[in-house]
There are 2 protein chains.
Amino acid sequence: MVQEPLEVLNRYLTEHGMKHTRQREIIVEEFFKSNKHLQIEELLNQVKKVEPSIGYVTVYRTLMLLKECGLAHQRHFGEGKSLFEKAGDHHDHMICIKCGSIHEFEDDRIEKLQDQIAKRINFKIVSHRHEVYGCCSRCQNE
Amino acid sequence: MVQEPLEVLNRYLTEHGMKHTRQREIIVEEFFKSNKHLQIEELLNQVKKVEPSIGYVTVYRTLMLLKECGLAHQRHFGEGKSLFEKAGDHHDHMICIKCGSIHEFEDDRIEKLQDQIAKRINFKIVSHRHEVYGCCSRCQNE
DNA sequence: ACTGATTTGAAAGTAGTTTTCATTGGAGAT
DNA sequence: ATCTCCAATGAAAACTACTTTCAAATCAGT
């Protein structure tokens, strides 16, 4: 049974002698409301609509906190800004180099081949990233 | 038939009204002499052994040049510094999160599955990165 | 409400590039 | 061989995207 993100976070906070604040609540709620990969700045913009006084640093720190308690992952597509995604939301990605659109994919056969190869060199997999760059359907017709 | 990197570079330079310099020659030679992924600083160190007056910026610019004429690729493993690798030297990577060692792999079956998936959404692949993070054989016995 | 630790936000600091600019140097014309 | 002009170089400054610091504000157990 999957727990509500806010529950998990609240337990983590209590267990670590940390405090529940209005800012954290707003940021976490906005983060889990969105359905895509978010940059810090993007989440900040969402959050500022609810409470304009919240600054970049607090959003940044809250995302680090979500990472710490396993509720979010940080990804670095190519170079530049990092994106955050909800835990459990992980697929692999095809990224359009023209418009930046991200198309998720998943294939158990690829994962299995990957495991085979790892086993051959006795490598214990913790995580992976598989990103395909190219031109999406829409951008090809332009 | 594969051409010598220096040949390709020299043609590119001439065609673009750019100049052949001692610095470029040294940097390119050192880059292609090495057999691994190099950080800018690492290549700078190699280069400084031959000609100490060469600075970071020139190495940086020469690597950008190699990228431009397709002789090298820039990769960003995780976060932090970027690594450069010779073109044609591309494999996928298993990266040890303890010691940082990089184990190359390659599997046509994975590439084919990747192509299949791309075709389904009419995505035209230009490049990809497939990185597996985990613990290498040696680090597991410690 | 009191107290003491945790959070917050602004500002400063950091890492890794990337750009600027005065000077140097390569190469075709003389 | 020298001139001349434009590209290349190196030092320093600028830039980007974080990450840390610190004084003031906030939270939560007495």
Side-chain angles (χ1 to χ4, degrees), chain A residues 6 9-31 37-69 72-84 100, chain B residues 6 9-31 37-45 47-48 50-69 72-84 100:
Chain A
L6 254 169
L9 178 69
N10 286 337
R11 190 147 38 78
Y12 186 90
L13 289 176
T14 309
E15 278 171 5
H16 289 74
M18 298 167 96
K19 291 174 178 169
H20 305 83
T21 66
R22 183 165 150 58
Q23 287 92 328
R24 280 185 179 153
E25 212 154 308
I26 293 172
I27 295 166
V28 172
E29 188 174 338
E30 289 302 315
F31 179 68
H37 307 78
L38 285 173
Q39 296 179 6
I40 299 177
E41 301 275 4
E42 288 176 327
L43 181 53
L44 176 63
N45 289 339
Q46 297 281 341
V47 161
K48 270 191 181 303
K49 286 179 196 159
V50 181
E51 177 49 69
S53 70
I54 294 177
Y56 176 97
V57 192
T58 303
V59 173
Y60 164 75
R61 278 189 284 226
T62 304
L63 283 169
M64 293 301 121
L65 175 63
L66 289 177
K67 241 174 72 170
E68 249 174 64
C69 60
H73 295 297
Q74 185 172 14
R75 329 199 99 256
H76 301 264
F77 291 137
E79 29 193 328
K81 306 186 184 177
S82 44
L83 295 172
F84 291 81
Chain B
L6 255 169
L9 178 68
N10 286 336
R11 188 146 39 78
Y12 186 90
L13 290 175
T14 309
E15 278 171 3
H16 290 73
M18 298 166 98
K19 289 174 182 172
H20 305 85
T21 67
R22 183 165 149 57
Q23 287 92 328
R24 278 182 180 155
E25 214 154 308
I26 293 172
I27 294 166
V28 172
E29 188 174 338
E30 290 301 316
F31 179 68
H37 307 78
L38 284 173
Q39 294 179 6
I40 299 177
E41 300 275 3
E42 288 176 326
L43 181 53
L44 177 62
N45 288 339
V47 160
K48 270 191 182 302
V50 182
E51 177 49 67
S53 70
I54 294 176
Y56 177 97
V57 191
T58 303
V59 173
Y60 164 75
R61 277 189 285 226
T62 304
L63 283 169
M64 293 301 122
L65 176 62
L66 290 177
K67 240 174 71 171
E68 249 176 65
C69 60
H73 295 297
Q74 184 173 13
R75 329 199 100 255
H76 301 264
F77 293 135
E79 29 195 327
K81 307 185 184 176
S82 44
L83 295 173
F84 291 81

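Within every chain, numbering begins at 1; the chains are lettered A, B, ... in the order of the sequence lines, protein sequences first and strands thereafter.
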Atom pair distance, as rounded to whole Å: CD in B:Gln39 and C1' in C:dA15: 12 Å
Side-chain N,O (B:Arg24) to OP1/OP2 (D:dT9) below 4.0 Å: yes
Under 4.0 angstrom between A:Gln23 side-chain N/O and D:dT26 OP1 or OP2: no
OP1 or OP2 of C:dT8 under 4.0 Å from side-chain N/O of A:Thr21: yes
Which residues share a salt bridge (charged side-chain N to carboxylate O under 4.0 Å, His left out) with B:Glu51, sequence neighbours left out: B:Arg22
Distance-only donor-acceptor test (3.5 Å): side chain B:Lys19, base D:dC6: yes
Separation of C:dT7 P from A:Leu9 CG (nearest whole Å): 11 Å
Rounded distance (Å) that lies between atom C1' of C:dA27 and atom CD of B:Glu15: 18 Å
Closest nucleotide among C:dT7, D:dG10, C:dT17 to the B:Arg61 side chain: D:dG10
Integer-rounded Å distance: C:dG16 P and B:Tyr56 OH: 9 Å
Pairing residues for A:Glu41 by the side-chain contact (heavy atoms from CB on, under 4.5 Å) criterion, not counting sequence neighbours: A:Leu44, A:Tyr56, A:Lys81
Separation of B:Lys48 NZ from B:Leu43 CG (nearest 0.5 Å): 11.5 Å
Value in whole Å for how far the C1' atom of D:dA11 lies from CD1 of B:Ile54: 15 Å
CA sep, side-chain torsions, deciding dist, call: A:Thr58, A:Gln23, side-chain hydrogen bond (donor to acceptor under 3.5 Å, both in side chains): CA-CA 8 Å; A:Thr58 303; A:Gln23 287 92 328; over 6 Å; no
Whole-Å distance separating the NZ atom of B:Lys81 from the P atom of D:dC18: 18 Å
Donor-acceptor pair (no angle test) under 3.5 Å: B:Arg22 side chain, C:dG26 base: no
Short side-chain N/O contact from A:His20 to OP1 or OP2 of D:dC27, under 4.0 Å: no
Pairwise 5' ranking along DNA chain D for A:Tyr60 and B:Thr58, keeping only the more 5' one: B:Thr58
Under-4.0 Å side-chain N/O to phosphate OP1/OP2 contact, B:Ser82 with C:dG16: no
Side chain to side chain contact (heavy atoms under 4.5 Å, CB included), paired with B:Val47, selected from B:Glu29, B:Glu30, B:Glu42: B:Glu30
